Asks: 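What follows is a structure written as C-alpha cells; I'll ask about it next.
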Amino acid sequence: MSIPREDIVLILPIALALAGAVLGLIADAFHGRRLAVSIVILGLAAGGALGIWVAVNEDPRSVADILAAGGGTSAVGGAVMLIGAVAVFGGWTWFTRSSMGAGAAVLISIVCATSATLAASLDLLLVIICLEALALSGYALTAQARNGRSAEASVKYVIQGSVATGLLVLGFAILFGVYGSKTDLLEIGIAIGSGPVEPALAAMGLIVSAFAYKLGAFPFHSWAPDVFETAPPPSAGAMASIPKIAAVSAAVFVFGVAFGVGDTGSLSTLWLVLAAGSILFGNLVALKQTSYGRMLGYSGIAQVGYVLVGLAAPQATWTMSAMLVLVVAYGMAVACAFLGAEAVRQIRPEWDGSIDGMAGIGRSQPVLGVGIAIAMFSLTGMPLTAGFWGKFGVFGAALVDEWQWLVAIGVLGILASVVSFGYYGRVLRALYFDAEAEASTVREEPGSESSAEAEANPSLFDASTDGSSVPAQAATAIAALAIMALGLAPVFWGLEWLYELFYVFG
Amino acid sequence: MTALVENAWIVVAVPFAIALLVGVAGPLARRLVPWVTLVAPLCVLAVGVSGLVTEAEHAGAVRWLFGGEYALSFGWAVDGLTSVMLTVVGFVATMVVLFSIGYMHGETGLPRYFGSLALFTGSMALLVVADGLVGLFVGWELVGACSYLLIGFWYQKPSAAAAAVKAFLTTRVGDVGLLLGLALLWRETGELGYGGVFEAVETLAPAVVTTVAVLLFIGAMGKSAQFPLHIWLPDAMEGPTPVSALIHAATMVAAGVFLVARLWPVYEAAPSAQTVILVVGAFTAFASATIACAQRDIKKVLAYSTISQLGFMFAALGVGAWVAAMFHLVTHAAFKALLFLGSGSVIHATGTQDLREMGGLAKPMPITAWTWIVGSLALAGVAPFAGFFSKDEVIHAVVTHNVVAGVALFAASALTAFYITRATRLAFFGKYRGDGHPHEGGWVMSLPLVALAIPAAAAGFAGHKIAEHLGEHGEALNLPVAAASLSVALLGIVVGWTSYRDGAESEAAMESRMGGLWTTLRGAYGFDGFVGAVIVRPVVAISDWLYGFVDRKIVDTTVEGAGKSLPVIGRMLSVLQNGDAQWYAALIGAGAVILVALSLVVKGG
Amino acid sequence: MNVAILASVLFAVGLYGVLTRRDLIAVLASVEVMLGGASVMLVGLATTIESAAAPEAGVVEAVGLFIIILAAAEAAVALGIVMAVARRRRTTRVDDLTEVSG
C-alpha cells in the first residue's frame, strides 16, 4: 500500500510527535535533559498544531485504508498532542530534574503519538497494539517517582491491566477466528452481518469490558485512584486525559463500524449500564475524598460516565461530536487540574497532596488560582466553559430520545453534574476561602538537598525535583485559556462550528 | 435615546468589561475603582429609562443555528417588562455602589468587591434582556455565582464561607428544577426562545405545560427563597450589607418573580401551576413574617421580611395578577434596598447588628432615621407610601380569588407592620444602649438613602404607568381592601410601638411572655436542622458507605471469610490473602462476565 | 470446537492464577498463560472454522505472532516494574503491598 502524496500531510502530525520522541530519547542518552524535554515539547506542539490545521482544512477520509484522518479524527489527534505538549511543558521542572525525568517526557510523547494513532485506527489489530502500548507506557509513567508507593501502584496497575489485555485479546481472537480472519473494522462488520451473531455478542462484551477498563468506568475503575494519587502530577495529568480521549474516539469507530452492522442492539444497553454505574459511583465516592489526586481520579470515573451516555445514544448528527467535545474538554480540564497541582507542589514542597493543603493558594497566586478554578468549573459543567458544551450536546441528545432509560440516565447525569460541585467546589473553597495553615514562601530558586530514603522525605515526591513553579503555573494558565476559548467560541461562531470541528465521519 | 434601546446589549457588555477591568487593573488604581464601577449600573439605568421613555420595543441577536434538530439564538429583546426591570436594577445598583464607597472604606480586596458588583450587574442585565430561556439561564447561573462570591467576601470568616456555599447549593437545587423544565420544554416543542415558546405552548397538552410551569417555578423558588428553599437567604446576611441590599433584597431574589412574569403565557395555560405558586407564596409570606418578629439581628429581620414580601409577589402571580406582582417588585426594590442601606448605615455607625445594643439613634443620625421611617411605612403599607398601593393591589387580587390565601396575606401584613415597627423602635428610639459613637456616614452614604426614599415614598403613584408599560391597564384603588389593609397595618404599628416602649427590656419581657414560641420563631422553626438531618446527612452517609463498603469493607470481609494463613513479617497491617490488586482484577473479570452475559441476553435497545 | 474449549480452559486457568497467586512472579506467569489461551483461541478458531472468504496466506500466522510479541513486551515491562518494587519493598509477595489504598 502506498500513500498518495497529498495524503502524507494527514499522518504528518503523528510522525512529528514520534520524531520528537526519538530525538528526545537520543538527546537524553547523551545527558542533555533540557534539550530532550524541549525537543519533546516542540515535536508535540508542532504535531498538535498541524493536526488542528489538517482538521480544519481536510475532509475526513481514510489513509491507506488503515487510518482515518482529516476532520474530527485529526482534531482529536491534534488536541491530544497539544494537551501533551502543555503537560510536558508544565512538568518542565520535574522532568528536567528527576532521575527518570526526560525519559518520562519521551514516554508522554509516545503516549500522544500512540493515542493519535489509536483515535484514527480503522483496523482492530492496530487498535489492540495501540491500547497495549498505552498500557505499557502507563505502567512506566506510574512508577517513575522512584518511591515505594508509586512502584506499588504501578504493580497493581500491571496486574489489573493484564487481565484487561487478556479480555481484549480473547475478544479479538473470537472475532478473528469466527469471522474469516479479518482485522479491518469494516470487513469484520460485514462478516458479522452475514454470519452467526452469538460469537460476536460474546466478543462485544469482552471488548466493551476492555474499553471500559481503559476509560476507567465502573466497575473497571479500580486502577484509577491509585495511579492518579501516586504518579507525579504532570504525568498524571497526561495519563488521565490523553488515553481516555483516544479510547473514546476509537470506540466510535470500533463499535460504530465493526459492531454497527447486524443485530447488536444490546450495545447501547451495555454502555448505559456502565454509564449509570460510573456516574453514581464516581460522584458519590468523590464527595468523600480529601486527597486532590484521588478526588480527580474518582471524578474522572463520573466524567467517563457522562461520555458513555453519548455512546449509548443513537447516532444523531452531532451526538458523537458532542461526546468528543465532552471528552476533550474533560481532558483539558483534568490536565489543567493536575498541572495546577504540580504548581502547588513546587510552591509548597511540604504539601501532602490533600485538598485542604491547598488553602490560600488562590489568594497568594491569583493566576494559578483562576486557572484551577476554571478547570473545576469546566468539570462541573458551568456554562461558558468547554465542559458545558460537551455536556449540553450529550445530555441534550439523551433527553430527546424515545428510549426512556436513556432519558433517565440523561437526567441522572444532569443531577450528578449539580452534585459534583460539592467536591469541585471544595477545591475552590480551599483555594480562596480557607486560611493557610502555616506561612509558605514561593520557591523560585533550586530545590533543597535530596534525602536518602524517599519515604522519609516530607515532600510528596523526590525533593531534588523541587524548583520553580513558573512552568507549571504557565501551563495551567494555557490550559485554562484553552478551556475558556472553547467555551466562548460557540457564543461567537455558533455551536455548530464546535461540533463540526470534531465530526469524524466522512 | 432610541439608540440606547436599539443597542441594549451594552447593558451586558459594559458591566462585564468594567468587571474585568476593575478586577484585573484595580489594584493599580484603587482610588478610581469604585467610581469606574459606577459606570456599570448607570449604563443599565440609562438603557432602562430610555426604554421607558421611548416605549420602544426592540430586539436583536447573535444568532446561531445548527443543522438538524436544534435551533438556538443568543439574542436580546427589550420591551416594557425589560425596561422596568432594567430601571429598577440600574437604579438600585447605582445607589448600592455609591453607598459601598463609604461603607466599605478601608476594607481590603476592594477591586474584587467592586468587580463582583459590576459582574453581577451585567449578569442580572443579561437575565433580563435575554430573548430566550438559554440566555436567561446563563444570566441566572452567573448571578448565582456572583452571589456566592459576594456573600463569601469576608472569606476568612468561616460562617461567611459556609453561607456562600449554602446559598450556592440551595439555589442549585432549585436550578435542577429549572433545567428539567427547560429540557422538557425543549423536548416537547424544540423551542427555547420566548416567541417560539409562547406559540408552542398553545398546542401542548395541559399536563406537559403544567409540569414545565411547575419545574420552572422550582427554579424560581430557589432563587427567590421561597419555602422550602429559603434557608440560604438569612445566612446570606454574612455578606456586606450593600450586597444584601442589592442582591438579596432588590434584584437577584426578584429574578424568580421576573421569570414567572416573563413566561406568563405559559403560566396562563397552567392553572394548577398557578395554584401551587399561590400556596407556596401565601404560606411563605405568612410563615416568614412570623419569624421576622423574633429576630434580634437587624439584617435578619430584613431578610425574613424579604422572603415574606416575595411570598406576596408569588401569591399575586398565583392568582393571575402578574402586573400587581411586578408593581410590588418595583416598590419593594425601592423600600427594601432603602431599609438595608439604612441598616448598613446603622451597623457602620454602631458596630453591631444586634437590635438590643442599639437605641436612640434618631438623634445622632437623622437622615438615616427619617429615610428608614419612610421605608418602614412603605413596607408596612401605610398610605401614601409606595408599599400601600402595591400591596393593596396584591391583596385585592388574592383575596378575590382565594379567601384563605387572602387572610394569610392580611395576617402577614399585620405582622409586617408589627415587626418593622419593633425594629424601628428598638433601633432608633429610646435610650442608646451600646458603646459606640453613632454618627452619619458622609454624603456617599446619605445620598443613596435619600435617593431611594423618593421612590419608596412616591412610586405608589406610578402604578398605572408601570402597568401600562407592562401592556395592561392599571387597577384603581379598591377602597374596602385598601381600608382593611391600612387598618391592619396601623394596628400592627400601634401594637409594635407600644410593646417596645422600654427598648431592650421590652424585648426581654416579650421573650419571657412568649417563651417557647419566641425561641421557635427566632430559630425559624428549626427548618435548617431538619434539612441537615433529612437531606444532608443521608447523602454524606451514602457517600461514606459506598467508599467504605466497596473499596474497603468488602476486601476485609472477603479476607476474613476466606481464612488466613498469614506470613507475619514484622508488619502490623491487615494482611490480605489475595491482595488489593487481585481483588480489583477480579472485579474486572466479573464485570466482563456480566457484560458478556448482558450482551448475549439483551437484544434491542 | 475442541480447540475453543482448550483455549477457554487455558484462559480460565491463567485468570485464576492472576487472581489468587500470592507471589508477583507467579502472577506474571499466569498472565502469560492467559494470553497463551487467547492465542490458542485465535489460531484455533481461524484455522478450523470455514468462512465465506479464505484469508490471505500467512495472515493467521502473522496475527498469532503479533499476539506473542504483545505478551512478551508486556512481560518485559511488568518484570521491570516488579524488580523496582522488589528493590524498594524487599518483597515480591502481593500481600505486602498494601500501602496505597482508599
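We name chains A, B, ... by the order of the sequence lines, and we start the count at 1 in each one. Being a predicted model, the structure only gives us computed values, none of them experimental.
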Asks: Using the six-membered ring wherever Trp is involved, compare the ring planes of F421(A) and F168(B) and label them parallel, tilted or perpendicular (cut-offs 30° and 60°).
Replies: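 If you compare the ring of F421(A) with that of F168(B), the planes turn out tilted.
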Asks: Does any heavy atom of chain B fall under 4.5 Å from the side chain of V407(A), the backbone, both, or neither of them?
Replies: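 The side chain, not the backbone.
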Asks: Who among F388(A), F220(A), W405(A) has the most heavy-atom pairs with chain B under 4.5 Å?
Replies: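 So the answer, after comparing F388(A), F220(A), W405(A), is F220(A).
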Asks: Chain B heavy atoms under 4.5 Å from I414(A): which part of the residue, side chain, backbone, both or neither?
Replies: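 Looking at I414(A), just its side chain touches chain B.
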Asks: Between Y432(A) and chain B, with a heavy-atom cut-off of 4.5 Å, which part of the residue counts as in contact: side chain, backbone, both or neither?
Replies: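 Just its backbone gets close to chain B.
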Asks: Do you know which two heavy atoms are closest between A592(B) and L167(A), and how far apart they sit?
Replies: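 Closest pair (atom of A592(B), atom of L167(A), distance): CB-CD1, 3.6 Å.
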Asks: Could you check which of V593(B), L179(B), I588(B) has the highest count of heavy-atom pairs closer than 4.5 Å to chain A?
Replies: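 That would be I588(B).
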Asks: Looking at P383(A) and F137(B), what are the two nearest heavy atoms and their distance?
Replies: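 Closest heavy-atom pair between P383(A) and F137(B): CG-CE2, 4.2 Å.
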Asks: Checking V165(B) against chain A: side chain, backbone, both or neither under 4.5 Å from a heavy atom?
Replies: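 Only the side chain of V165(B) comes within 4.5 Å of chain A.
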Asks: How far apart are the closest heavy atoms of G591(B) and P219(A), and which atoms are they?
Replies: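 That would be CA-CG, 4.4 Å.
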Asks: Could you look at V273(A) and say if it's the side chain, the backbone, both or neither that has a heavy atom under 4.5 Å from chain B?
Replies: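 Answer is side chain: those atoms of V273(A) sit under 4.5 Å from chain B.
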Asks: At their closest point, which heavy atom of L595(B) faces which heavy atom of L270(A), and how far apart are they?
Replies: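 In terms of heavy atoms, the two residues are closest at O-CD2, 3.6 Å.
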Asks: Which residues pass the side chain to side chain donor-acceptor pair (under 3.5 Å) test with T380(A), not counting sequence neighbours?
Replies: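 Result, side chain to side chain donor-acceptor pair (under 3.5 Å) vs T380(A): S420(A).
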Asks: Name the region of I207(A), side chain, backbone, both or neither, that has any atom closer than 4.5 Å to a heavy atom of chain B.
Replies: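 Answer is neither: I207(A) stays 4.5 Å or more from chain B.
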Asks: Check whether L180(B) gets within reach of chain A through its side chain, its backbone, both or neither, counting any heavy atom under 4.5 Å.
Replies: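 Contact with chain A: side chain only.
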Asks: If I measure from the heavy atoms of chain B, does L399(A) come under 4.5 Å with its side chain, its backbone, both, or neither?
Replies: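 Answer is both: backbone and side chain atoms of L399(A) are under 4.5 Å from chain B.
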